[in-house]
Amino acid sequence: MQDNTLNGISILFLFLLLIPVIISFNPRLSLIFSSAIYLLLSVFLLFSLLFGFTKLSLMLPFSVQLNGLFGLGNAANSDHITYLTSIPYLNFSYLFDSLSLLFGFLIAFLGFIASLYSVNYLYEEHYKNKSLFVILFNGFIISMLFVVFSANGLSFLIFWEIMSILSFFLVLFEYEKEESKKAANLYIIMTHIGTFFIFLLFLYMFTKTGSFSFEAWKRLGISGTLSAAGMLTVFILTLLGFGMKAGIFPLHVWLPKAHPEAPSGVSALMSGIMIKTAIYMMLRFYFEFMKSYGWGFGFTILLIGAMTLIYGVLNAGIQDNIKRLLAYSSMENIGIMLMALGLAMIFYSQGMYLLCAFALMALLFHIMNHALFKGLLFLGSGAIASQTHTKDMNKLGGLIKKMPKVSFIFLIGVLSAATLPPFNGFVSEWMIYQSLLMASSVNVEIIRIFTPIFASVMALAGGLAALAFVKAYGISFLGRARSQGANNAKEPPFLMLASMGILAFLCFLLGIFSFIGLIPINKAVKEITNISIYKNVAISYGSIVTLPKYSMGVISPIGLLLAGIVFIGAIYLFIKIFGNMKTKVFETFACGLENKNVYNVNVNVSDAQLIGQDACEIKSNCSQYSSAGFSQPLRRIFSGLYNIKEHLINEEYKRKYFFPVKNYVFKAGDLFEYFYNSFAEKFLEKISKLRARIQGGVVQTYIAYIVGTLIILLIWFSWFHHTL
Amino acid sequence: MLNITSFIELMGAFVLFFAILQTASHRVDFSIKVYSIQSLFLSITIFVMGIYSNNAELYLSSFLTFAIKVIAIPYFLNKVTKRISIREKIVPYINMTNSVLITGAITIFAFFITKGDFASHEFIARRVFPTALAVILIGVFIMIARKKAIIQIIGFLTLDNGIILAATSITKGLPLVVDIGVFFDVFIGAIMAGVLIYRIRTSFDSLDTSKMSNLKE
Amino acid sequence: MLMLNNDLLNFNAVLIGIAQILILILIAPFVNSYINKIKSILRGQQGRPLFQGYKDIFKLIRKEVVLSEDASYISRFAPYIVFVSILVSACFLPVFSSNALLSFTGDIIALVYTIGLGTFFMALYGMDQASSFGGLGSSRDILIASLAEPTLMLVIFTFALQTRTTNISRIFIDIHKNGFLNYPVSYVLALMAFLIISVAENGRIPVDNPDTHLELTMVHEAMILEGSGRHLALFEYSSYLKLIIFITLASNIFLPIGVYGGIPHSLSSFSFLTILYAIAFYILKVLIFATPIAFIEISMAKLRFFRVPDFLMLGFVLSIISLVLYSI
């Protein structure tokens, strides 16, 4: 093709991507348009991932659009395109290999769903700055796309920062709320600390290769010239830098605060895909830019993964805020992904590439599944919050009758997230279990002993995740309404339902016909390990098998589902023939207490106030188990791992002896946030004392400082000069 | 498939299991019961060891274990607890969950350090000795981790069971005189301790040995 | 892999698979009644007849369902899903022959998770009627189930590591061939750990008392307190089935003797008599393993709910020791 044509096409693409921003004065139209674009883009990316025939044309919008700004020329090879700029070392180069295409596809697809959802959601939530939202939202998605397609350290950092800052603004979107401000502050601080480490990492790589381009780094990886100490440095810096974004165990504190505060479509994107861009970069570093490291790295990642997993799920179980529960569950899933990553690294380091490919396949499949079901759950929670005007589960309840469609879709999400068959979460979790089992082939005793223990940690986390999601679903959807807001809820508009429905359908589809998801993943795995194991893994009847050489395991979700359907039919017939199909509806047994139908009860306002504003608003429904009550056993058993403030306030001045009024206050904080806060407090105190001592306010001292500095500099310079 | 050596090992494993269960016990009467069952398995182990090594003295040893440890000592301990009406609950220094975890670590440690040719080249000794060592260490741990004197006695008795298991597995039976001497010793020791408990109880109104630190003044 | 597919086409295998699942379904109520009978005899009572379980189920099926007015479609579907999830997981399980009906669709991890699906829906059922008991039961039951799960997975992994497979049929064949007794200490501790989790998962004493309806102690019964008629029958039956699944697992792993080793691959050696003998032997083994449960129930008091984690911790540590001793 001619350059002119290329430019023409690319300008067209650029224009398409800019249209939503240009027409943001009409948010509804703009979002509809952007959802169409992202759908187109995701299909495009998927096709180019699967067949590779559109690669060249695909590259254009990402490269040529910057041509006018910085572009000085291009140097393109098959899947790589570079634009040089006048700033030294800063090239805007883009990489379109299978791995980045896979992530790009997920981003574009989730972007499509989220923008479809936001078309109605924006109006349901009555946000003020809808146009601003549209601009930020589109910018966020596009910046994520640029992040995964970047192939140059500096340009990557630029897009990474844009992504962070735009998501910061989106977290801060409801800036009137104190909670949002706090969460956004924490987020921006921590994410910048992370970026600092990434910057150090890139500088280190620069000192080793003299270039910021990923290609040079990859050559470094292939040559294997990085020393052991160098690899350790890179490992630690990636862990700190990208781990901060992914929310790994001790660096996670921003995640459960920031994700719930963003508008739901954005939460879905942040939890669903943004935190996984960090995993994407880890993949790049551990499998492309580094080579022949020991099993220790993988084991460390495995360990951190297990800790993230268990910490996240334990905290998810006790949350009252439904979106915070989901955020902690994201942390849990990051743990699972890290475990798979750690296993893949162990296999990679031991030269067991087949097993490595299997573990990577499990990892990427879990990333895909998590993007689907967590996206669904966040969108669902947004639907709940927009209808009931609360995220506190203690004020929800009975929504299954008010919004049956949402309840059914949410149920599918919950089942997938609890990794139960026949939904998608189960399949990827099963693959990770199998990878753990196959780790017994590794010839290292510690790994052989520890991997089953990691499996048991995963099993515990699976059980506790089920607890968290039973709670999330049971408290918010089942039973009776606990507040007027929940009582007045209605089904959300069509597009919100449709966007969630698509995700729910995909959760089910990938649970049953998992091989559909494994086909594109296989391409990405092949990119990393040069091994295509799709044929080994997915066989006919839609079953998934492990690698027979190392271990044997087969599941066939289709068979499972079919057997279930057959059995349900058989039982139904059996009861129909031999039993009684009659059903009588009657009120619930309430130990003889008054148990009126709540929907006709007029709540006595004064009574509700007496009970306390935070407590149950509809008095006759207070005897139901509350969210805090449901997780009480968990809180008590693992009390050492929580930072909980629980008070039973006796408001004696109201009624003292006869039916005393008590108010229960419960606040679940993050233990590590508490640690950091207390540490920061002490640290700052010491620093400020030191500062007070140094800056004594006496002019003579300051002069002495200046002279001292000068002398030190002179000494240093002379020493430096001599050694040179 | 089930040959006699693995049967000995199996019974030894049960002795170990009851030692672990001992650390999870919340109640005094349950502890005594567990001790009794543990001793029963010990006596079976010794008996089968007798068949295996064709040593008639071991039969007698097994019988003595049964008579003294399965019947006499538990009976006596039960009587003591009833007489001085000890509160049933066990008071630990280290709570039950952590105790069990530590016990697990102890067991793994015992098996780990005896992995090589630690004890003997003899098959039985090599297979049973780690178990016995684990039981001994668990007995010591119980004595350290529990406050009440009666549980410390049970810890001591567990330790003694471990020693007997170790001794029989290594030596194929001690000389009978030594054996009888040991049994007599333990029996008298248990009775003495029981009397002592009674005394502690009457003078301190409690069995909590941590209160005995008052004595130093 | 190919072998499994060929087995799928083998008519005898399918027949035996169906026979196995039918036997599980048939003897499940009997085993429960058997445990109750032994308990009664030990208490010096006459006890309910041995076939009371079947009568109870049929009685419940014939009664109409009384559903709470707060109940949603969850309550209408949950009993079926609970029962079917247990039934499907029973299909993964080889009973008296090495070929399970659905051994190609699910392995031992899938078995655990399919049972987990049942637990999940049972917990949702408990919360559906807006009753305070239901929430209480759900909260406790799912916590116990999740705390028991790591131990179960560790015990499973101990076998899976030995045989390098998670396919239950192959695990059983391997254990029957080589025996687990090469590691007696591992064996004993795994057995005890398995006993502990079986007790916990099936809601028996000392974790839960299936006979009581006292709100302080109820776990499983609290969840299904609102159940009636066919729904209750399905819940009861699924708890019977769950118990028999655990007993079958235990009896085939920890007592690997008897006629076993898979159906013959050639028709000539396929004998009806052998199969009858295998079935009889299997039932005998089940009764052997069911008896200690009765003894434990009669001799222990129910633990306080917050003691249950200690109990499960014991199981967890036992299974870890078992596994590590196996590995070193």
Side-chain angles (χ1 to χ4, degrees), chain B residues 1-27 29-30 33 37 41 45 88-90 92 95-116 124 127-135 138, chain C residues 147 150-151 154 174-196 199 206 254-258 260-261 292 295-296 298-328:
Chain B
M1 194 176 71
L2 185 70
N3 52 29
I4 191 156
T5 50
S6 58
F7 189 72
I8 292 171
E9 234 185 308
L10 197 67
M11 291 298 123
F14 272 106
V15 174
L16 173 62
F17 167 70
F18 284 103
I20 296 169
L21 191 62
Q22 191 72 265
T23 54
S25 154
H26 289 281
R27 293 160 66 89
D29 61 341
F30 185 71
K33 214 183 276 177
I37 302 173
F41 277 105
T45 316
E88 293 273 283
K89 243 182 125 194
I90 290 175
N95 73 22
M96 298 306 169
T97 312
N98 290 343
S99 299
V100 172
L101 272 176
I102 292 169
T103 312
I106 286 173
T107 313
I108 292 169
F109 170 75
F111 274 80
F112 212 84
I113 57 164
T114 50
K115 209 168 75 171
I124 277 290
R127 297 301 289 266
V128 179
F129 185 73
T131 317
L133 183 64
V135 175
I138 291 169
Chain C
L147 292 180
T151 312
L154 269 179
D174 191 87
I175 286 174
H176 278 249
K177 212 185 330 179
N178 303 325
F180 194 65
L181 274 179
N182 303 329
Y183 303 90
V185 182
S186 266
Y187 169 85
V188 167
L189 301 184
L191 173 66
M192 290 304 165
F194 196 81
L195 182 74
I196 286 171
V199 162
F254 294 105
L255 198 61
I257 48 174
Y260 200 85
F295 274 90
I296 290 173
I298 202 84
S299 58
M300 287 181 87
K302 189 192 164 298
L303 288 171
R304 260 177 66 210
F305 182 71
F306 287 104
R307 288 269 182 248
V308 171
D310 289 354
F311 182 67
L312 294 171
M313 190 50 149
L314 178 66
F316 181 68
V317 168
L318 288 176
S319 58
I320 283 193
I321 298 173
S322 156
L323 186 103
V324 172
L325 294 195
Y326 171 76
S327 305
I328 58 176

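Quantities reported herein were computed from a predicted structural model and do not represent experimental measurements. So that the names make sense, note that chain A is the first sequence line, chain B the second, and so on, each numbered from 1.
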Original post:
What distance separates B:H26 NE2 from C:L303 CG, expressed to the nearest 0.5 Å?
Top reply: 7.0 Å

Subject >> Proximal component of C:L318, with respect to chain B [non-hydrogen, under 4.5 Å] >> reply: side chain

Subject >> Residues in residues 102-110 of chain B near chain C [non-hydrogen atoms, under 4.5 Å] >> reply: B:G104, B:T107, B:I108

**OP:** Let me know if C:L314 has heavy atoms under 4.5 Å from chain B in its side chain, its backbone, both or neither.
**Re:** both

Original post:
Hey, mind stepping through B:F111 and C:V324 against side-chain contact (heavy atoms from CB on, under 4.5 Å) and telling me if it holds?
Top reply: CA-CA 9 Å; B:F111 274 80; C:V324 172; over 6 Å; no

Original post:
What part of B:T131 lies closer than 4.5 angstrom to a heavy atom of chain C: side chain, backbone, both or neither?
Top reply: side chain

Original post:
Which pair of non-hydrogen atoms, one from B:A13 and one from C:P184, has the smallest distance, and what is that distance?
Top reply: CB-O, 4.0 Å

**OP:** State the CE-CE distance between B:M96 and C:M313, to the nearest 0.5 angstrom.
**Re:** 13.5 Å

May I have the list of side-chain donor-acceptor pairs in residues 14-22 of chain B shorter than 3.5 Å, sequence neighbours left out?
{"residue": "B:Q22", "atom": "OE1", "partner": "B:S31", "partner atom": "OG", "Å": "3.2"}
{"residue": "B:Q22", "atom": "NE2", "partner": "B:S31", "partner atom": "O", "Å": "3.4"}

